[in-house]
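When a residue number appears, it is its place in the shown sequence, counting from 1. Counting starts at 1 for both ligands and their atoms, in listed order.
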Amino acid sequence: MSIVRALKCRECGQEYAIEPTHVCEFCFGPLEVVYDYEKLEGIFTRELIESRPQTMWRYKELLPIDGEPTVGAQNGFTPLVRARNLEKALGVSELYIKNDSVCYPTLSFKDRVVSVALSKAVEFGFKTVACASTGNLAGSVAANAAAAGLESYVFIPHDLEQGKVIGAGIFGTKIIGINGAYDDVNRLCSEVAGKYGWAFVNVNVRPFYAEGSKSYGYEIMEQLGWRAPKHVVVPMASGSLCTKIDKAIKEFIKLGLIEDNDTAVYGAQATGCSPISRSVKEGSDLIHPVKADTIAKSLAIGNPADGFYANRVIRESGGWSEDVSDAEIVAAMKLLAETEGIFTETAGGVTLGVTKKLIEQGRIPRDESIVVCITGNGLKTQEAIVDAIDKPSIIGPSIHEFDDLIEAESNKLAA
Ligand SMILES: *Cc1c(COP(=O)(O)O)cnc(C)c1O
Ligand SMILES: [Zn+2]
């Protein structure tokens, strides 16, 4: 049962019928899906949710499709890991990793937004789907479209990591590499969407797409035992995930599923592309577009569509925003791998690196619950760490050579 009421302009409040559209005709503000929450009173309970399969669709009443999902019915419900070794390393008492580096089927949180966007595109009657991507979205659209029998086109900056390009191409999608940055790709896609009439998941069906991110927040709260964390650190590209985690928390409070825990939301960016964190640190709500230059390519959006709203969520929730250098990103990727056995991509290095920085600054207290949002998989960004990890020790297949190696190692340790 859908409780979707309308699309509503975030600026002037004008409401629109449910259609593949994303900007207000009056003020050009972005449109957002709004719901009639009263219809769920007494019906949408913890028990009902817990009785359902472990996928993101166990919260389907709060996702904007009419029927059952036709794309990505298995997606979501990833582990929330109590990170005891990382707690020791960072000197904090209660820290969790929400691990979407193992999200089904393409190993990033984009599988959540894509399953909503494509299920909605099918309801709208589209046959061809597309996206403007910084990498993970391309792979997710390609895979989920293939499984649903939809034709797909993915548009990417020409210089993405090989793992991201191969991780889209394998699904038989058509990949268009644009000579330009993500912001150029996005601009072109708006034109193509208008002219070709395709469903661009993050352009003309963006209001529906963006709602899929809420499932990441719902899962955190259910997996914490029906409670919101005190602090949550979120990677930001367009800033959408950051705003939707906040929306998810507010919805669960409104529906009586959790108590208000005054959760503070923190935004994480790479210093080489930090228009949102800079605005927060400067105490401004103006986002100045930048030219991106960072190894965290999945977060490299210089002119973030939801930057203004992410900034507001961060400030109103009592959170903060920070950014980290490429070297700090690599160090944080290694720290997560060596303490918790989780191999995240550069975006995860950004989130953990920023978490560490905020703890050291005293912005996040050491004795309260913290959730770190790990959103993508390290196998897709191997270029970033290839020079930062030990090479294999090469020996012949001989026990003597192995003995020598071990001896050399222990001598090195003793020295
Ligand atoms: C796309 C992406 C994000 C952030 O997305 P928003 O545009 O801010 O919602 C975070 N992490 C990874 C790995 C991504 O691919
Ligand atoms: Zn408007």
Side-chain angles (χ1 to χ4, degrees), residues 6-16 21-32 78 98-103 106-114 117 131-141 156 160-161 163-164 167-168 182-183 186 201-202 206 209-214 216-217 233-247 265 267-270 273-277 287 295-307 309-311 313-314 321 329 333 344-352 354 372-381 384:
L7 289 174
K8 184 175 180 180
C9 175
R10 276 165 156 180
E11 291 304 319
C12 74
Q14 176 71 33
E15 292 199 0
Y16 295 85
T21 175
H22 68 298
V23 275
C24 177
E25 285 169 19
F26 297 95
C27 75
F28 301 106
L31 304 184
E32 177 171 28
T78 54
K98 176 59 176 170
N99 188 11
D100 264 21
S101 75
V102 291
C103 199
T106 65
L107 310 179
S108 89
F109 98 95
K110 292 299 197 299
D111 290 322
R112 301 174 182 276
V113 281
V114 166
C131 67
S133 175
T134 56
N136 285 312
L137 185 57
S140 186
V141 165
I156 55 174
L160 284 192
E161 303 94 339
K164 300 273 168 76
Y182 173 80
D183 299 279
N186 196 45
V201 299
N202 55 342
R206 185 174 179 87
Y209 156 95
E211 288 287 288
S213 290
K214 293 190 303 184
Y216 188 92
V233 189
V234 190
M236 301 187 293
S238 71
S240 177
L241 176 63
C242 177
T243 67
K244 296 297 177 174
I245 288 176
D246 182 70
K247 184 174 181 183
V265 180
Q269 294 206 292
C273 184
S274 49
I276 311 177
S277 71
I287 308 289
I295 57 170
K297 293 178 192 280
S298 58
L299 302 182
I301 298 184
N303 188 11
D306 294 293
Y309 303 100
N311 172 306
V313 158
I314 290 164
S321 190
I329 293 169
M333 289 168 75
T344 186
E345 69 152 78
T346 46
V350 168
T351 314
L352 182 56
V354 163
V372 180
C373 299
I374 295 299
T375 48
N377 193 294
L379 289 170
K380 293 198 236 174
T381 62

- [ ] Using a strict 4.0 Å threshold on nitrogen-to-oxygen distance, state whether Lys297 and Glu345 make a salt bridge.
- [x] no
Open item on the list: Looking at Glu32 and Lys244, is any side-chain nitrogen of the basic one under 4.0 Å from a carboxylate oxygen of the acidic one?
Closed with: yes
For ligand 1, which atoms, with element, lie under 4.0 Å from some heavy atom of [X]?
X: Glu345; answer: 13 (C)
X: Thr375; answer: 10 (C), 11 (N), 12 (C), 13 (C)
X: Ser240; answer: 6 (P), 8 (O), 9 (O)
X: Ala347; answer: 11 (N), 13 (C)

Answer yes or no: does an N/O atom from [X] fall short of 3.5 Å to an N/O atom of ligand 1?
X: Leu299; answer: no
X: Lys110; answer: yes
X: Leu241; answer: yes
X: Gly239; answer: yes
X: Ser238; answer: yes

Task: Candidate list Ser321, Ser213, Cys242, test side chain to side chain contact (heavy atoms under 4.5 Å, CB included), partner Val234, passing option - done: Cys242
Task: Intermediate values then yes/no, side-chain hydrogen bond (donor to acceptor under 3.5 Å, both in side chains), Thr375 and Asp100 - done: CA-CA 5 Å; Thr375 48; Asp100 264 21; over 6 Å; no
TODO: Check for a donor-acceptor pair, side chain of Thr381 on one end and backbone N or O of Asn377 on the other, with a separation under 3.5 Å.
DONE: no
Open item on the list: Using a 3.5 Å distance criterion without hydrogens, assess whether the side chain of Asn202 forms a donor-acceptor pair with backbone atoms of Ala132.
Closed with: yes
- [ ] Run the contact test for Ser108 against ligand 1 with a 4.0 Å cut-off on heavy atoms, strictly below, and give the result.
- [x] no
Task: Degrees at the Zn ion (ligand 2) between the SG atom of Cys12 and the SG atom of Cys24, nearest 10° - done: 100°
Task: Proximity to ligand 1 by part of Asn136, non-hydrogen separation under 4.0 Å - done: side chain
Open item on the list: Asp306 vs Arg206, test: salt bridge (charged side-chain N to carboxylate O under 4.0 Å, His left out). Steps then yes/no.
Closed with: CA-CA 11 Å; Asp306 294 293; Arg206 185 174 179 87; 2.7 Å; yes
TODO: Examine Arg10 relative to Tyr309 and say whether NZ or CZ is less than 6.0 Å from the centre of the six-membered ring and inside a 45° cone about the ring axis.
DONE: yes
